[in-house]
Undergrad: 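Dropping a structure here in structure tokens format, bear with me for questions.
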Amino acid sequence: MDSQGKRMMQVLSTKSGATTTKLLSPGKLIVLTGPSGVGKGTLMRLLLSRHPELNYSISATTRPPRPGEVDGKDYYFISRDKFQRLIEKGEFLEWAEFAGNLYGTSRKPVIDLMKSGKSVLLEIELEGARQIRATFPELLSIFILPPTFNELEKRIRGRKKDSEDAISRRLKRAKEEIDSASEFDLQIVNDDLETAIHDIEVAMFSGKELF
Ligand SMILES: Nc1nc2c(ncn2[C@@H]2O[C@H](COP(=O)(O)OP(=O)(O)O)[C@@H](O)[C@H]2O)c(=O)[nH]1
Ligand SMILES: Nc1ncnc2c1ncn2[C@@H]1O[C@H](COP(=O)(O)OP(=O)(O)O)[C@@H](O)[C@H]1O
């Protein structure tokens, strides 16, 4: 390992105990996964605003929009029928059912971006992340963990965006998801937001001025 690599591993070991051996170059795929309410969306928005070279793939979902969500920006909000047709046509790189709704990543935009050497960030749930990992073994996969389960529940409730039914489905699923964290390249605890962002940046961008 060169001196920069050593320095990076040192930084990783001093922050939230995270370790990784994979470092990313342009044209690569990064997946953020983890339970609902852990802060994946928050982390992703911050990463995109700080690193314009990163591209985000807007997912399709059958979930109805939450107040304030915009079609074509937050998600493509589509009917179950339309989603099924897109599955049959092979238009999704991955898709999964989560808490009673379907979610999927469109194949073409992601492949086109990667072919042109651009890096793509996906923020998806566990089953989809597994599918992507099987398709792209060179992927950098990051599992975001909550500091505690109570804090996770507090965040989901504090967001005030979901019905009680949607919240309990998410919390039930969260337990199973957290048990799978070790499948992924890196586990990062989203306790202090800036520390979590820093750990993700270190893993994603070798050779950049992050220190
Ligand atoms: N597999 C898959 N999961 C997705 C996709 N888009 C979003 N998700 C995940 O679906 C789950 C539910 O998302 P959402 O309804 O927006 O709820 P939230 O995560 O609780 O804010 C989250 O874990 C998202 O990361 C996708 O394209 N594919
Ligand atoms: N590090 C953090 N500390 C405290 N609250 C956070 C942190 N990260 C995210 N949050 C809050 O937790 C809630 C859930 O975050 P969100 O990004 O919507 O999660 P997810 O996309 O994983 O469902 C939001 O209200 C967000 O502001």
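The residues of the chain are indexed from 1 along the displayed sequence. From a predicted model like this one, the values you see are computed outputs, not experimental measurements. Just so you know, ligand 1 is whichever comes first in the structure, and atom 1 is the first atom listed for that ligand.
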Undergrad: Counting heavy atoms only, name the option from F92, Y75, F98, Y76 that's nearest to atom 11 (C) of ligand 1.
TA: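 Ranked by closest heavy atom to atom 11 (C) of ligand 1, first place is F98.
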Undergrad: Using heavy atoms and a threshold below 4.0 Å, how should the contact between R159 and ligand 1 be classified: side chain, backbone, both, or neither?
TA: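 Within the 4.0 Å criterion, R159 contacts ligand 1 through side-chain atoms alone.
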Undergrad: Among all protein heavy atoms, pick the one closest to atom 27 (O) of ligand 1 and tell me residue, atom and distance.
TA: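 Looking at atom 27 (O) of ligand 1, the protein heavy atom closest to it is S59 OG, 2.6 Å.
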Undergrad: For atom 25 (O) of ligand 1, which candidate among E123, R169, M44 holds the nearest heavy atom?
TA: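 The nearest heavy atom belongs to E123.
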Undergrad: Determine, using heavy atoms of D191 and all atoms of ligand 2, whether some pair is separated by less than 4.0 Å.
TA: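 Contact present.
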Undergrad: Can you tell me if P35 contacts ligand 2 (heavy atom of the residue under 4.0 Å from the ligand)?
TA: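 Yes; P35 lies near enough to ligand 2 that a heavy-atom distance drops under 4.0 Å.
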Undergrad: Going by an N to O cut-off under 4.0 Å, is there a salt bridge joining R169 and D165?
TA: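 Counted as a salt bridge, because a side-chain N and a carboxylate O are separated by less than 4.0 Å.
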Undergrad: What do we get for R170 next to ligand 1 when only non-hydrogen atoms under 4.0 Å count, side chain, backbone, both or neither?
TA: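 Looking at R170 and ligand 1, just side chain atoms fall under 4.0 Å.
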Undergrad: For S36 and ligand 2, answer yes if some heavy atom of the residue is under 4.0 Å from a ligand atom, otherwise no.
TA: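 Checking ligand 2 against S36, which is what was asked, there is a heavy-atom contact under 4.0 Å.
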Undergrad: Run down the list K161, R66, R173 and name the one with the heavy atom closest to atom 18 (P) of ligand 1.
TA: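 Considering heavy atoms of K161, R66, R173, the nearest to atom 18 (P) of ligand 1 sits in R66.
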Undergrad: To which protein heavy atom is atom 8 (N) of ligand 2 closest, and what is the distance rounded to 0.1 Å?
TA: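 The answer is N190 ND2, 3.1 Å.
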Undergrad: Report the nearest protein non-hydrogen atom to atom 11 (C) of ligand 2: residue, atom name, distance rounded to 0.1 Å.
TA: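 Here the closest protein heavy atom is R155 CD, 4.2 Å.
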Undergrad: Tell me, which protein residue and heavy-atom name are nearest atom 14 (C) of ligand 2, and how many Å apart are they?
TA: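 It is G37 O, 3.5 Å.
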Undergrad: Please work out whether any backbone atom (N, CA, C, O) or any side-chain heavy atom from C-beta onward of L43 is under 4.0 Å from ligand 2, and answer side chain, backbone, both or neither.
TA: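 None of L43 does.
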Undergrad: I'd like to check whether R159 has a polar contact with ligand 2, where a contact means an N/O of the residue lying under 3.5 Å from an N/O of the ligand.
TA: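 N/O-N/O distance under 3.5 Å: yes.
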Undergrad: Heavy atom under 4.0 Å from ligand 1: found in R155's side chain, backbone, both, or neither?
TA: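 For R155, no heavy atom sits under 4.0 Å from ligand 1.
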Undergrad: Considering only the protein, which heavy-atom contact is closest to atom 17 (O) of ligand 2, and what is its distance?
TA: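 Sorting protein heavy atoms by distance from atom 17 (O) of ligand 2 puts T42 OG1, 2.5 Å first.
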Undergrad: Below the 3.5 angstrom mark, is there an N/O of K40, backbone or side chain, next to an N/O of ligand 2?
TA: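 In this structure, K40 places an N or O atom under 3.5 Å from an N or O of ligand 2.
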Undergrad: Between E125 and ligand 1, which residue portion shows a heavy-atom distance shorter than 4.0 Å: side chain, backbone, both, or neither?
TA: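 Under 4.0 Å from ligand 1, E125 contributes backbone and side-chain atoms.
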Undergrad: Identify, for atom 19 (O) of ligand 1, the protein heavy atom at the shortest distance, and state residue, atom and that distance.
TA: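 Ranking protein heavy atoms by distance from atom 19 (O) of ligand 1, first comes S36 OG, 3.8 Å.
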Undergrad: Tell me whether E151 has any N or O atom under 3.5 angstrom from an N or O of ligand 2.
TA: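 N/O-N/O distance under 3.5 Å: no.
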Undergrad: What do we get for E94 next to ligand 1 when only non-hydrogen atoms under 4.0 Å count, side chain, backbone, both or neither?
TA: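 The answer is the side chain of E94.
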Undergrad: Without swapping roles, check the side chain of K40 against the backbone of P35 for a donor-acceptor pair under 3.5 Å.
TA: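 Yes.
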